[in-house]
Amino acid sequence: MREYKTINKITGPLLFVEKTKPVGYKEFVVINLPNGETKRGQVLETSKDHVIVQVFENTQGIDKNTYVHFSGEIIQMPVSGAMFGRVLSGIGKPLDGGRDIIPEDKRNIQGEVINPYSRKTPDEFIQTGISTIDGMNTLVRGQKLPLFSGSGLPHNDIALQIARQATVRGEEESFAVVFCAIGITQEEAKQFMNEFEKTGALERGVIFLNLASDPSIERIITPRMALTTAEFLAFEYGYHVLTIMTDMTNYCEALLEIGAAREEVPGRRGYPGYLYTDLATLYERAGIIKGKKGSVTQLPILTMPGDDKTHPVPDLTGYITEGQIFVSRNLHRKNIYPPIDVLPSLSRLMNSGIGHKKTREDHKSLSDQLYSAYAEGLDLRGLATIVGKDALTRRDQRLLSFADSFENTFVQQGKEENRPIETTLDIGWDLLSKLPENDLTRISSEILKKYYGRGEPAISRS
Amino acid sequence: MEIGSKKSKRGPRIFKVSGPVVVVENLDGRMYDVVLVGENQLMGEIIGIDGDLSIVQVYEDTEMLKPHDPVKNTGHPLSVELGPGLLTSIYDGIQRPLPKIAEGGPFMRRGISIPALSRDKKWKFVPTKNVGDIVNGGDAIGYVDETKNFRHLILVPPKISGKITKIEGGAFTVTETVCVLDDGNELQLMQRWPVKKRRPVKNKKWPDKILITGQRILDTLFPLAKGGTAAIPGPFGSGKTITQQQLAKWADAKIIVYIGCGERGNEMTDVLVEFPELVDPKTGSPLMERTVLIANTSNMPVAAREASSYTGITIAEYFRDMGYDVALMADSTSRWAEAMREISSRLEELPGEEGYPAYLASRLADFYERSGRAETLMGKEGSVTIIGAVSPQGGDFSEPVTQNTLRVTKTFWALDAKLANRRHFPSINWLKSYSLYQNNLSPSLEKEFLGWEDNRKKIMNILTKENELTEIVQLVGSDALPEDQQLTLEIARMIREYFLQQDAFHPVDTYCPLEKQHLIIKAILFFADNAYKALEMKKKLQDIMSLQSKTMLARAKFEKDYVKYLGKVVEQMETDFNSITGDEELEGI
């Protein structure tokens, strides 16, 4: 029996247990309270003197008479191909009144590192129907592309729209959604659940819910459970799994809480020094494996405290993920939906997913040209407020009005509007065709000859 | 030791496990000895000794290790295997071959031990020394033609010397003896070297040869010397990795060592897919044949990440010792520094700035100082160039890793998120970057391309002037500027768009030979001179800017037959300017 009643210290979510037989690092722990309640935890540090256990649930009620049971195993979760439609808690307990998952297999929730040599380069274009993403920050299968947002911005709407509309064209393939809520509010969770039920996404989805009212330490486990499920469905059953994780900032706050309780030396802004490595063990679980059918695509959402992208959470995320989609307060104020600011947004895998045979030959140069013209237009907007529009050269005035129409026709679209990639590109050409051909230095003469001045009228579309 | 380990109670046992750091009791080891931890024999390294306790960092996941598990000391420091078979290899941070590991499944299992160099493959060894010859450490006793274009010299390990009593050619594996010395030393095709110890050279020399990268902004404005050091700091999304990969593809070094240190898995895959397909412009063989890749992605264990830089630099030094030019790319040194920070924090060391250990600066300096152009032990000349990417937190260059790196590197390529946002690539800021090799490299460049140095200065002047003018424009608008200043802005725009911007994905533009760089600049400056003259003659700026030759010049970078094309462009310029200024004499090019 590896059960002990030797808790010596309790601080925050941590228990210090003494005089144990050898206990494994990261071992799964069950805590039996005198009142019959059970809680779960994990070994954070183990030595001959004492073992530090991190409790996932609230530590309320734990006292020195509490029994700590070491399972002898790492944390594993039951997985099964019949998990679709299930709603589970942040630590995998059924919330939908259904039975426990009948395990087909048990998987270590830490996941395993994919050998870089065994990965396949993601290069299949996912059409989200959103112009700013498809046209200029293309998402591909197996990518991890986060939404960088702020509180009060419609990032949930965008995520839902993507979940609803995402398709790989020319393929009616097995597509699944794993949704992972980390510390979000009741209302937000409701919004997601309603939408999933309405669109039928629940039937091809698995939901993990850790709400703001749930213990924060649980949040360390929730995304790992979700990703373990996603990997199982992808690599055992061949599904293309889109994993939405929101809100990653809450996850990092939970890490910070544990670090503080362990009295660790903090890194930047109080976050633990291993935040980068820890986040990488989540984000790097996206991908495609050579010789396996499915894929894991990640769409994490995080809110930047104070809209500050240099905050450690967005900063370190940006260094790990393959790009980022910026949700802008400025555009949101102007009533533009989706308020995606393309300039700081980026998809690193875009080039492998677009072009001839994938989207269209003109895609890359069109996108480059839109970027540079819009960037210049925005600079001029600042200038125009100081010196007035009339003081600008004719070229500058053209760029200025380009920036306006770019926001109003290319960025702006309806919440239900699902634009095929051709439409997105044609709107782009229509905008560029208002600039003189000579100014379009990013586009080769052959492409210009074929597309310049031929875009479909964009205005009639909105 | 031997007796101790048989008595289970007194043998080395785990005392404590905390993340990648394991404390072991009764381990009679030396600092940096490699130990095997637990039942799975996970590789680790002693990084501290405190009484009976030894502190070990483990290169693999320590999940389910527990107190009382056995530990074994190998008695050797962490070493790499050096010999034929290194090229085209893909290793993890501690030189385990990833393709071999992949044969056992797509995931990295723990406790895998596979030799870095194949033990079965036979190489054709050709001796160049004879029985009776006296050889010293660093001398070549023969060679193996490892690829069509690469002659792998078989070196006597440093510090070994003697008279050859036996040497034979033929097909050998890397562990078979090919040469015996009179003191009984047996030499194989392979040798081992501890990664944290620099390989000796006769002396180091001042670098004065340019490392041609084919990237216009680098070669023309901020050149790097063979044997030099460069830092590329930039916030995420500013193009660090693309720049590093461009350098790995096109730099004119004989050997490339590419370390993906704590970066994205998919990016490494990209390199793995792309490099075998790309062709080296000089040899016509796949680029992979001159490359050694070290891939330790961000989710692999941190201690192995810490080791990956040392593994890479030791391999680079080994090729240098044969008298070759080696370029090493480390992407990203910040992740390496973070690995140090993470381990330091587990050791509960007193932190320095931003939680980094106090020895951060000295470790970085140590690493970059292993670069250099050197006279090798056998008297040949070789070099190791180090190009390190830095990922400053929040894009703030004042953070410790960037600052400590800048102190020891001589070329600074500052990446700029603003440029990247408007898709100006490579997004290297021309006002902030610098190269301290400029003066050393200029004479030879000038000899090859007359006017190189002058033209470079002119270009920089125009760009600096643009920066001043932009500040004024932001206050008054560009229409308020006199026409000649408006022209300067236009010329600067031409330099930025026609010259500085380079498309890494365009088949021609991705690599720009020095001559082409020189000709484009000459053409831009020729246009500028004539434009200023035309302006003096009261011609309209707008007319000058809409000349056909300007549009032609914009496409020059995409032209393969650039000499012919730029010749035509210059001819067209002459015609164009003649037509607006009348028949007055124009300055010849």
Which bit of P314(A) comes within less than 4.5 Å of chain B, counting heavy atoms only: side chain, backbone, both or neither?
-> backbone
Please tell me if the side chains of F505(B) and K364(A) come closer than 4.5 Å, counting only heavy atoms from C-beta onward.
-> yes
Measure distances from T551(B) to the heavy atoms of chain A and classify the residue's part below 4.5 Å as side chain, backbone, both or neither.
-> side chain
Give, as side chain, backbone, both or neither, the part of D278(A) having an atom under 4.5 angstrom from any heavy atom of chain B.
-> neither
Look only at the side chain of E264(A) and the backbone of S345(B), and say whether a donor-acceptor pair between them is shorter than 3.5 Å.
-> no
Where on K120(A) is there a heavy atom nearer than 4.5 Å to chain B: the side chain, the backbone, both, or neither?
-> backbone
Y374(A) six-ring centre to R422(B) NZ/CZ under 6.0 Å and within 45° of normal | no
Can you tell me if CD on E18(A) sees more than 12 non-hydrogen neighbours from other groups inside 6.0 Å?
-> yes
Could you tell me whether E25(B) and K48(A) make a salt bridge, using a distance below 4.0 angstrom between a side-chain N and a carboxylate O?
-> yes
In terms of heavy-atom contacts, R423(B) and R442(A) come closest through O-NH1, 2.9 Å
Region of K418(B) that comes under 4.5 Å of a non-hydrogen atom in chain A | neither
If one checks every heavy atom of T62(B) against chain A at 4.5 Å, the contacting part turns out to be both
Please look at I114(A) and chain B and tell me whether the side chain, the backbone, both or neither of the residue comes under 4.5 angstrom of a heavy atom of that chain.
-> both
Of the backbone (N, CA, C, O) and the side chain (C-beta and beyond), which part of L349(A) lies under 4.5 Å from a heavy atom of chain B, both, or neither?
-> side chain
Heavy-atom contact with chain A under 4.5 Å, split by part of D503(B) | side chain
If you tally heavy-atom pairs under 4.5 Å against chain A, which of I90(B), V273(B), I242(B), V476(B) wins?
-> V476(B)
Bottom line for S352(A): the part with an atom under 4.5 Å from chain B's heavy atoms is neither
With a 4.5 Å limit on heavy-atom distance, are the side chains of P22(A) and D69(B) in contact?
-> no
Could you look at D379(A) and say if it's the side chain, the backbone, both or neither that has a heavy atom under 4.5 Å from chain B?
-> side chain
Quick one: closest heavy-atom pair of R555(B) and I443(A), and the distance?
-> NH1-O, 3.0 Å
Which heavy atom in D61(B) sits nearest to a heavy atom in K26(A), and how many Å separate them?
-> OD1-NZ, 3.8 Å
Under 4.5 Å to a heavy atom of chain A? For E348(B) that would be neither
Heavy-atom distance under 4.5 Å to chain A: side chain of V23(B), backbone, both or neither?
-> neither
Please look at K21(A) and chain B and tell me whether the side chain, the backbone, both or neither of the residue comes under 4.5 angstrom of a heavy atom of that chain.
-> neither
Residue among P272(A), G273(A), G287(A), G318(A) with most heavy-atom pairs under 4.5 Å to chain B | G318(A)
Heavy-atom count around L350(B) CG within 6.0 Å, excluding the residue itself: above 12?
-> no
Near K100(B) NZ, under 6.0 Å, is it more than 12 heavy atoms from other residues, nucleotides or ligands?
-> no
Student check: side-chain heavy atoms of L316(A) and F236(B) closer than 4.5 Å | no
Side-chain heavy atoms of E27(A) within contact of M64(B), under 4.5 Å | yes
R269(A) versus chain B, heavy atoms under 4.5 Å apart: side chain, backbone, both or neither?
-> neither
Is there a side-chain contact between S372(A) and H424(B) (heavy atoms, below 4.5 Å)?
-> no
Side-chain heavy-atom pair R335(B), Y276(A) within 4.5 angstrom cut-off = yes
Does the pair R493(B)/E376(A) count as a salt bridge with the N-to-O cut at 4.0 Å?
-> yes
NZ of K290(A): more than 12 outside heavy atoms within 6.0 angstrom?
-> yes
Contact class of R264(B) relative to chain A, heavy atoms under 4.5 angstrom | both
Under 3.5 Å, is there a donor-acceptor pair linking the side chains of E338(B) and T277(A)?
-> no
Which pair of non-hydrogen atoms, one from G395(B) and one from D315(A), has the smallest distance, and what is that distance?
-> N-OD1, 4.4 Å
Is there a side-chain contact (heavy atoms from CB on, under 4.5 Å) between N115(A) and F107(B) once you walk through the steps?
-> CA-CA 5 Å; N115(A) 185 337; F107(B) 296 103; over 6 Å; no
Max heavy-atom pairs within cutoff under 4.5 Å with chain B, candidates G382(A), A375(A), P116(A), S345(A), goes to P116(A)
Show the numbers, then the answer: is there a side-chain contact (heavy atoms from CB on, under 4.5 Å) between N266(B) and R119(A)?
-> CA-CA 7 Å; N266(B) 280 335; R119(A) 281 180 185 267; 3.4 Å; yes
Any side-chain heavy atom of L383(A) within less than 4.5 Å of one from V473(B)?
-> yes
Toward chain A, the part of P392(B) with a non-hydrogen atom under 4.5 Å | both
Report the C-alpha separation of K240(B) and Y319(A) in whole Å, then their side-chain angles, then the decisive distance to 0.1 Å, and conclude whether the side-chain contact (heavy atoms from CB on, under 4.5 Å) test is met.
-> CA-CA 11 Å; K240(B) 272 185 305 295; Y319(A) 276 124; 3.7 Å; yes
Can you tell me how far CD of E354(B) sits from CZ of R268(A), rounded to the nearest 0.5 angstrom?
-> 6.5 Å
Could you look at I101(B) and say if it's the side chain, the backbone, both or neither that has a heavy atom under 4.5 Å from chain A?
-> both
Whatever's closer than 4.5 Å to a heavy atom in chain B on R394(A) counts as side chain
Side-chain ion pair, E267(B) and R348(A), N-O less than 4.0 Å | yes
Portion of I14(B) that has a non-hydrogen atom of chain A nearer than 4.5 angstrom | backbone
Checking E263(A) against chain B: side chain, backbone, both or neither under 4.5 Å from a heavy atom?
-> neither
Under 4.5 Å to a heavy atom of chain B? For S444(A) that would be backbone
Side chain, backbone, both or neither: which part of V113(A) has an atom under 4.5 Å from a heavy atom of chain B?
-> both
Between P67(B) and T46(A), the two heavy atoms sitting closest are CD-OG1, 3.2 Å
Q369(A) portion near chain B, given a 4.5 angstrom heavy-atom threshold | neither
Checking heavy atoms, do the side chain of L98(B), its backbone, both or neither come under 4.5 Å from chain A?
-> both
With a distance cut-off below 6.0 Å to the six-membered ring centre and an angular limit of 45° from the axis, does R346(B) pair with Y274(A) as a cation-pi contact?
-> yes
Would you tell me whether E63(B) and N108(A) have side-chain atoms, one donor and one acceptor, within less than 3.5 Å of each other?
-> yes
Quick one: pull up CD1 in I289(A) and OG1 in T269(B) and give me the separation to the nearest 0.5 Å.
-> 10.5 Å
Which heavy-atom pair separates L346(A) from G237(B) by the least distance, and what is that distance?
-> CD2-CA, 3.5 Å
Quick one: pull up CG in L275(A) and CD in Q393(B) and give me the separation to the nearest 0.5 Å.
-> 9.5 Å
